[in-house]
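Each remark here refers to the structure printed beneath this line.
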Protein chains: 2
Amino acid sequence: MPKAPRNQPSQSLSGAEWEVMKVIWNHGPQAARDVYAALPDDVSWAYKTVKTLLSRLVAKGALDYEQIGNSYLYRAAVARDQMTRKEMRGLFSRVTGAALSPVLAHFIEEADLSDDEIRQLKRQLDAKRSKSQKGKKR
Amino acid sequence: MPKAPRNQPSQSLSGAEWEVMKVIWNHGPQAARDVYAALPDDVSWAYKTVKTLLSRLVAKGALDYEQIGNSYLYRAAVARDQMTRKEMRGLFSRVTGAALSPVLAHFIEEADLSDDEIRQLKRQLDAKRSKSQKGKKR
DNA sequence: GACAATCGACTACATCTGTAGTCCAATGCG
DNA sequence: CGCATTGGACTACAGATGTAGTCGATTGTC
């Protein structure tokens with residue numbers, strides 16, 4: 001069975017670590033070799049670098065692994081959404097004081113949203129408005 | 001006149017550096033002592049720490065200074081919006097590939113938005129939708 | 001004019017990150 | 001069976017970051 005990670009549920013990930021996690025989130029559990037192979041072309045790390053990152057991710061509790069034969073099968077131990085939210089919260093708190101809305105605007109602008117998602121978000125904004133108080137800007 | 005910073009326009013800021021920049025963006029040009037005094041209560045650094053951060057910010061080109069008497073008056077050399085955007089772009093590129101919509105929904109839920117801001121975001125979503133419908137150009 | 005308080009420059013040092021490399025054991029190949 | 005290969009554990013090392021401290025010059029205070 002998978003190694004029990006007695007680590008903190010998970011701290012935040014560095015840029016390189018995110019790159020590795022994305023491979024695992026996208027393709028499911030992978031051996032180090034496969035993660036290495038699946039990395040985007042613009043990421044050109046030595047295999048050993050990938051190994052290091054995988055180990056650090058296990059130490060952080062973001063991955064766990066299962067021994068298959070002589071090698072490990074790494075699997076995500078945290079949800080991608082959870083991590084994304086954590087990052088966004090971190091960004092918000094770092095820039096706090098700035099209005100939040102421009103930040104949201106930025107992501108809406110950049111995000112690749114389907115019509116459905118757009119409708120959904122609009123509904124949500126409506127719901128919020130009706131519930132909202134006499135909010136003054138900033 | 002202000003020292004000319006022959007540095008890169010500006011790299012990205014660390015969390016602690018952001019804290020210092022926020023003081024200067026909020027209160028305008030300040031001496032180190034004043035930045036120190038103006039930091040939020042939950043930030044309890046030694047004065048020397050603030051000095052270190054100010055120097056690093058100058059080195060990064062995020063601040064410049066003017067000598068007034070025997071001390072420096074630090075002033076922002078980059079706009080807050082510019083920096084905020086940079087952070088957002090960084091985060092965005094780090095997490096790309098994820099479905100952002102659930103995450104956006106989460107933050108819309110938590111954000112304290114004014115009616116005005118809500119209207120604005122909705123307009124933006126509309127604009128996005130019409131743009132994504134390839135056949136249909138207004 | 002002597003001295004304490006301050007200033008900025010420089011130094012310190014533990015972590016975290018990016019980016020590998022070394023070493024030994026297990027495996028696969030011939 | 002013996003060796004080249006591959007895997008994981010551990011080590012390496014420079015740059016960024018958090019968090020200060022030391023030192024010599026300057027200045028404000030009697």
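Just the heavy atoms: all of them, side chains too, but no hydrogens, waters or symmetry mates, feed the values below. Reminder, nothing fancy here: chain letters follow the sequence lines and each chain counts from 1.
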Can you work out whether A:N70 or A:T49 has the more 5'-proximal nearest nucleotide on DNA chain C?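 Taking each residue's closest nucleotide, the earlier one in sequence belongs to A:T49.
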Go nucleotide by nucleotide along DNA chain C from the 5' end; which of A:G69 and A:K48 gets its closest nucleotide reached first? A:K48
For atom [atom1] of [X] and atom [atom2] of [N], their distance in whole Å:
X	N	atom1	atom2	answer
B:W45	D:dG21	CH2	P	15 Å
A:L54	D:dG8	CG	C1'	11 Å
A:E17	C:dG18	CD	C1'	10 Å
B:Q30	C:dC7	CD	P	14 Å
B:Q67	C:dA9	CD	P	8 Å
B:D64	C:dG8	CG	P	15 Å
A:K51	C:dT22	NZ	P	17 Å
A:I68	C:dA26	CD1	P	18 Å

Any base atoms under 4.0 Å from A:T52, or only sugar-phosphate, or nothing? Heavy atoms, all strands.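 Touches a base.
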Using a cut-off of strictly less than 4.0 Å, decide whether B:Y47 has a side-chain nitrogen or oxygen near OP1 or OP2 of D:dT19.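 The answer is no; no side-chain N or O of B:Y47 sits under 4.0 Å from OP1 or OP2.
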Quick check on C:dA9: is either OP1 or OP2 less than 4.0 Å from any side-chain nitrogen or oxygen of B:Y72? yes
Presence of donor-acceptor pair under 3.5 Å, side chain of A:R56 and base of C:dT15: no
Under 3.5 Å donor-acceptor pair, B:S14 side-chain atoms to D:dA16 base atoms: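 By the distance-only test, no, there is no pair.
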If the threshold is 4.0 Å, N to carboxylate O, is there a salt bridge linking A:D116 and A:R119?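 Counted as a salt bridge, because a side-chain N and a carboxylate O are separated by less than 4.0 Å.
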So, are B:E17 and B:K60 salt-bridged, with charged N and O less than 4.0 Å apart?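 Looking at B:E17 and B:K60, the cut-off is met.
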Test side-chain hydrogen bond (donor to acceptor under 3.5 Å, both in side chains) on B:R85 and B:Q82 and set out the steps. CA-CA 5 Å; B:R85 293 234 134 213; B:Q82 187 192 326; over 6 Å; no
Nucleotide of [options] approaching [X] most closely (side-chain heavy atoms):
X	options	result
B:L53	D:dG18, C:dT17, D:dA20	D:dG18
A:R33	D:dT6, C:dC7, D:dG18	D:dT6
B:S71	C:dC7, D:dG8, D:dT19	C:dC7

Name the orientation class of the two ring planes belonging to A:Y36 and A:Y47 (parallel below 30°, tilted from 30 to 60°, perpendicular beyond 60°).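 Ring orientation of A:Y36 relative to A:Y47: perpendicular.
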Tell me whether A:V20 shares a hydrophobic cluster with A:L73, the cluster being built from Ile, Leu, Val, Met, Phe, Trp, Tyr side chains joined at under 4.5 Å.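 Shared cluster, no.
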